Amino acid sequence: MEEGLGQNSVPPHGPIDKSKILDIKPLRSLIPIYSMSSQAPPAGQYPSGFSPFFPFGAPQQTPTGVTTRGAATPAPLRAYKNPLGAGDSSSTMNGFNGQDTSGKKKRGSPSRHTKSSVNKPKKSQEPPADLSGLVGISPAQREDGSREVVNIVLMAYDALRRRLCQLEEAKELSSGSIKRADLKACNTLMTRGIRTNMRKRIGAVPGIEIGDIFYFRMELCIVGLHAPSMGGIDALHIRGEFEEETLAVCIVSSGEYDDDAEDSDVIIYTGQGGNFFMNKDKHTTDQKLQRGNLALDRSSRQHNEVRVIRGMRDGVNPNNKIYVYDGLYKIQDSWIEKAKGGGGVFKYKLVRIPGQSSAFAVWKSIQKWKSGSPSRTGLILADLSNGAEGIPVSLVNEVNNVKAPTFFNYFHSLRHPKSFSLMQPSHGCTCIKACVPGDLNCSCIRRNEGDFPYTGNGILVSRKPLVHECGPTCQCFPNCKNRVSQTGLKHPMEVFRTKDRGWGLRSLDPIRAGTFICEYAGEVVGRGKVSQLVKEGDEYVFDTTRIYDQFKWNYEPRLLEEIGSNDSTEDYAMPYPLIITAKNIGNVARFMNHSCSPNVFWQPVVYEENNQSYLHVAFFALRHIPPMTELTYDYGLAQSDHAEGSSAAKGRKKCLCGSSKCRGSFG
DNA sequence: GCCCCATCACCTGT
DNA sequence: CACAGGTGATGGGG
């Protein structure tokens with residue numbers, strides 16, 4: 001039956017009649033598949049991707065929806081799988097939900113299903129309470145998100161996941177372990193209603209921007225970008241008046257297949273099924289035109305927009321995979337190939353819709369810069385740190401003719417005029433080799449209230465008034481995992497010229513939330529000198545005693561209730577003042593600009609040198625940061641400014657961060 | 001029609 | 001490499 005396509009690895013030119021090959025009934029010609037009468041929004045208001053529903057007549061317009069975001073356009077779709085969780089629980093929240101007049105129903109009735117509940121006893125429990133209000137998500141926002149809500153959900157997810165990892169790692173290999181913290185965190189959040197964009201849609205997803213990166217498939221699920229937790233194809237089922245239709249809305253390209261195309265705007269995607277590499281004992285079979293394949297096939301005819309997420313190996317951590325949202329594509333071609341195992345395999349050619357900001361293409365050009373083939377445009381200096389960092393810090397200006405920042409000496413850490421004697425002198429831990437999470441004999445861990453502050457791959461678990469790291473007086477090896485902020489830069493950085501804010505800092509690598517970025521290096525000065533420095537025009541003062549906007553980064557303790565761990569103090573009070581000037585001496589941190597919605601935050605870290613405790617300011621990623629994104633943190637307000645109220649105090653600068661939550665000025 | 005459960009596939013992750 | 005594992009689709013029974 002596969003005579004005609006046995007030897008081809010080239011897409012045939014004409015359209016194939018798959019119905020012949022696969023014994024599938026032919027496609028019917030499509031009529032508009034949802035009712036236009038009742039709720040059609042005014043013309044022109046469709047989100048991108050809807051017009052193609054008009055089979056042949058509608059003009060192929062440009063992807064208008066691509067650049068707009070957050071515009072919660074009403075979608076005239078009725079999805080089969082309605083977001084029942086939302087509908088139900090929202091009415092529950094009103095406290096008036098037509099309570100079961102139908103006597104029985106609902107779970108908890110311990111009637112005849114007891115037999116099945118023997119093997120899975122946990123199922124019979126009451127559903128967990130809706131906790132979405134805790135983190136500030138309304139029922140409507142669960143349906144349709146926004147940038148802010150997406151950030152809230154992702155932060156809640158990762159905070160919980162980090163904490164679960166921490167608990168898991170502390171337990172060594174003993175009792176009931178929390179394997180797969182990624183799954184557990186997702187499950188917890190979903191059952192508590194902490195998620196967004198539950199309404200499946202074609203085209204852009206509100207709150208998700210092209211270039212956004214993710215570190216787990218579950219992150220794609222909870223923000224409504226791609227629903228299946230493993231499957232590569234997300235399909236939407238639409239009920240029309242006479243027919244039902246299924247369309248592909250999103251795909252994840254894992255990069256494990258031969259998806260690669262030379263052109264970064266093209267992707268060749270393999271259909272699903274056929275067991276062609278999973279079951280080894282089974283002979284590989286032809287893929288069938290069903291499920292995801294069927295959806296892709298229909299989409300290739302409807303020409304609807306399909307979101308594309310590209311999975312790729314993390315250069316820093318080859319075990320990890322990073323998912324990059326690469327925007328909207330359309331399926332241009334499809335054909336059948338013969339796989340090595342012998343089965344027929346569907347192939348789909350997706351082409352990126354032009355006019356979208358680049359995402360995956362940026363990754364590709366970074367790869368090229370790193371290999372050095374076309375040199376970086378605007379490169380002024382290959383390594384601003386002059387070897388002081390283990391990793392080069394390039395200096396780049398693609399904007400104007402300014403050749404260099406004002407002179408300063410690059411230094412990787414702090415210079416103390418005197419020892420920092422606020423804390424009682426203490427001795428380092430006596431661990432051999434490395435400190436082990438959960439080992440309460442380790443004095444450093446005890447100082448961290450029994451928690452190892454970092455996960456195994458060096459990610460900060462939660463903010464604290466003070467993180468205690470191991471230091472030179474500890475017995476443990478220098479590669480102990482509790483020395484994260486002492487190990488210098490881990491990502492190749494770039495000091496670059498911004499359009500309107502002088503120099504800025506960004507990374508060539510993606511940075512995962514909670515990753516240590518750098519410390520604020522410079523000279524420590526006494527508190528009394530601050531005003532003098534400011535008067536002298538020192539723009540490089542870091543002062544822990546300023547007023548900082550509070551924000552929540554740690555996990556929500558109520559989400560951990562069933563594990564019995566509900567300690568979480570996100571205490572924002574700064575225990576010890578520390579003032580640093582990086583005017584004459586400093587590192588990359590002095591180039592980080594202010595933003596009112598930053599992607600980096602600072603955390604006090606302490607460790608010992610020569611039996612004296614020294615305080616450092618360490619910067620961590622607030623959320624996942626795509627490569628080439630400017631790194632920013634909140635500069636806070638000088639105390640004197642705060643006392644004067646909101647009147648424009650002297651020395652304040654107009655803020656150009658461009659955030660929707662911009663406070664207007666800083667400094 | 002609905003609800004509940006079981007089963008299955010899936011471009012996971014450790 | 002093995003295997004635990006979540007989600008959503010599917011299908012059957014009550």
Side-chain angles (χ1 to χ4, degrees), chain A residues 79-85 88 100 102 104-109 111-120 122-124 127 157 161 164-165 168-169 173 176-191 195 198 200 214-222 224 226-237 244 246 248-260 267-280 282 285 287-288 290-296 308-314 317-323 345-348 350 455-457:
Chain A
Y80 252 133
K81 182 200 170 281
N82 89 318
L84 35 82
D88 287 349
D100 317 317
S102 54
K104 53 168 190 182
K105 83 172 328 183
K106 292 293 163 192
R107 43 229 125 190
S109 68
S111 51
R112 59 183 153 272
H113 291 306
T114 41
K115 183 184 69 176
S116 67
S117 68
V118 171
N119 29 5
K120 300 221 170 180
K122 60 179 175 182
K123 275 284 179 177
S124 60
Y157 173 81
R161 194 196 56 79
L164 291 170
C165 278
E168 156 76 6
E169 284 165 7
L173 39 146
S177 55
I178 315 155
K179 292 222 172 87
R180 296 298 303 269
D182 57 321
L183 302 184
K184 172 79 182 166
C186 183
N187 185 304
T188 306
L189 259 56
M190 280 199 164
T191 54
R195 58 188 301 187
M198 280 183 75
K200 221 177 235 195
F214 304 87
Y215 281 78
F216 292 93
R217 286 289 300 261
M218 291 307 176
E219 292 179 329
L220 308 175
C221 298
I222 47 169
H226 185 89
S229 58
M230 290 179 165
I233 304 161
D234 194 1
L236 173 64
H237 304 272
E244 57 189 66
T246 166
V249 295
C250 187
I251 60 156
V252 176
S253 161
S254 77
E256 302 288 312
Y257 298 65
D258 49 350
D259 292 350
D260 264 351
I267 204 166
I268 308 294
Y269 194 77
T270 308
Q272 64 187 187
N275 293 336
F276 58 100
F277 80 102
M278 319 186 72
N279 264 337
K280 263 154 249 134
K282 264 190 190 166
T285 55
Q287 292 187 339
K288 296 197 181 66
Q290 58 180 15
R291 296 160 167 271
N293 299 342
L294 183 64
L296 286 171
V308 166
I309 295 153
R310 293 178 180 259
M312 47 225 321
R313 293 257 161 241
D314 185 349
N317 218 7
N319 288 339
N320 271 343
K321 201 176 263 182
I322 302 179
Y323 298 94
V345 164
F346 287 98
K347 293 283 182 179
Y348 299 90
L350 291 97
T455 64
N457 44 9

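All chains are named by letter (A, B, ...) in the order of the sequence lines, taking the proteins before the strands, and each is independently numbered beginning at 1. Only this structure's heavy atoms are used, side chains among them; waters, hydrogens and symmetry mates stay out. Values in this document were obtained by computation on a predicted structure and should not be read as measured data.
Of the two residues contacting DNA chain B, namely A/Leu183 and A/Arg291, the nearest-nucleotide position lying further toward the 5' end is that of A/Arg291. Looking at which nucleotide of DNA chain B each of A/Arg161 and A/Gly231 is closest to, the 5′-most match is held by A/Gly231.
You'll find that the side chain of A/Phe216 is closest to B/dT14, out of C/dT7, B/dT14, B/dC11. Closest to the side chain of A/Thr270, from the set B/dA9, B/dC11, C/dG6, is B/dC11. For A/Met230, taking side-chain heavy atoms from C-beta onward, the closest of the listed nucleotides B/dG13, C/dT7, C/dG5 is C/dG5. In the set B/dT12, B/dG13, C/dG6, B/dT12 carries the atom at the smallest distance from any side-chain atom of A/Val252.
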### Task
Please test A/Arg217 against A/His226 for side-chain contact (heavy atoms from CB on, under 4.5 Å), starting from the C-alpha separation and ending with a verdict.
CA-CA 8 Å; A/Arg217 286 289 300 261; A/His226 185 89; 3.4 Å; yes
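Taking 4.0 angstrom as the limit, A/Asn320 places none of its side-chain polar atoms (N or O) nearer than this to OP1 or OP2 of B/dG13. For C/dA9, the OP1/OP2 oxygens have a side-chain nitrogen or oxygen of A/Lys200 closer than 4.0 Å. A sub-4.0 Å separation between OP1 or OP2 of B/dT12 and a side-chain N or O of A/Lys321 is present. At the phosphate of B/dG13, OP1 or OP2 sits under 4.0 Å from a side-chain N or O atom of A/Tyr323.
With sequence neighbours left out, A/Asp234 forms a side-chain hydrogen bond (donor to acceptor under 3.5 Å, both in side chains) with A/Lys200. In this structure A/Thr455 satisfies the side chain to side chain contact (heavy atoms under 4.5 Å, CB included) test together with A/Cys165, A/Glu169, A/Asn457, A/Ile459, A/Val461, sequence neighbours excluded. Residues that satisfy the side chain to side chain contact (heavy atoms under 4.5 Å, CB included) test with A/Ala295, not counting sequence neighbours, are A/Ala235, A/Thr246, A/Ala248. Residues that satisfy the side chain to side chain contact (heavy atoms under 4.5 Å, CB included) test with A/Asp314, not counting sequence neighbours, are A/Tyr215, A/Val316, A/Asn317, A/Asn320, A/Ile322. Take A/Met312 and apply the side chain to side chain contact (heavy atoms under 4.5 Å, CB included) test, not counting sequence neighbours, and it matches A/Val324, A/Phe360, A/Trp363.
The CD1 atom of A/Ile233 sits 9 Å away from the P atom of B/dC10 (whole-angstrom rounding). Distance A/Leu350 CG to B/dC11 C1': 14 Å, rounded to the nearest Å. If you measure from atom CE of A/Met218 to atom C1' of B/dC10, you get 11 Å, rounded to the nearest angstrom. Here the P atom of nucleotide B/dC11 and the CZ atom of A/Arg217 are 8 Å apart, to the nearest Å. Taking atom CG on A/Asn317 and atom P on B/dG13, their separation rounds to 13 Å, with Å as the unit. Taking atom CG of residue A/Asn319 and atom P of nucleotide C/dC1, one finds them 14 Å apart after rounding to whole Å. Rounded to an integer number of Å, the gap from CG of A/Leu294 to P of C/dG8 is 20 Å. If you take CG of A/Asp234 and P of C/dA9, they are 8 Å apart, rounded to a whole angstrom.
Residues A/Lys347 and A/Thr270 approach most closely at NZ-OG1, 3.0 Å, considering heavy atoms. Between A/Lys321 and A/Ser254 the shortest heavy-atom distance is NZ-O, 3.6 Å.
Not a single donor-acceptor pair, N or O on each side, falls under 3.5 Å between the base of B/dT14 and the side chain of A/Arg180.
Consecutive pairing runs in DNA chain B reach the stem threshold at B:2-10 with C:6-14, B:12-14 with C:2-4, where a stem means at least three Watson-Crick or G-U wobble pairs with distances under 3.5 Å.
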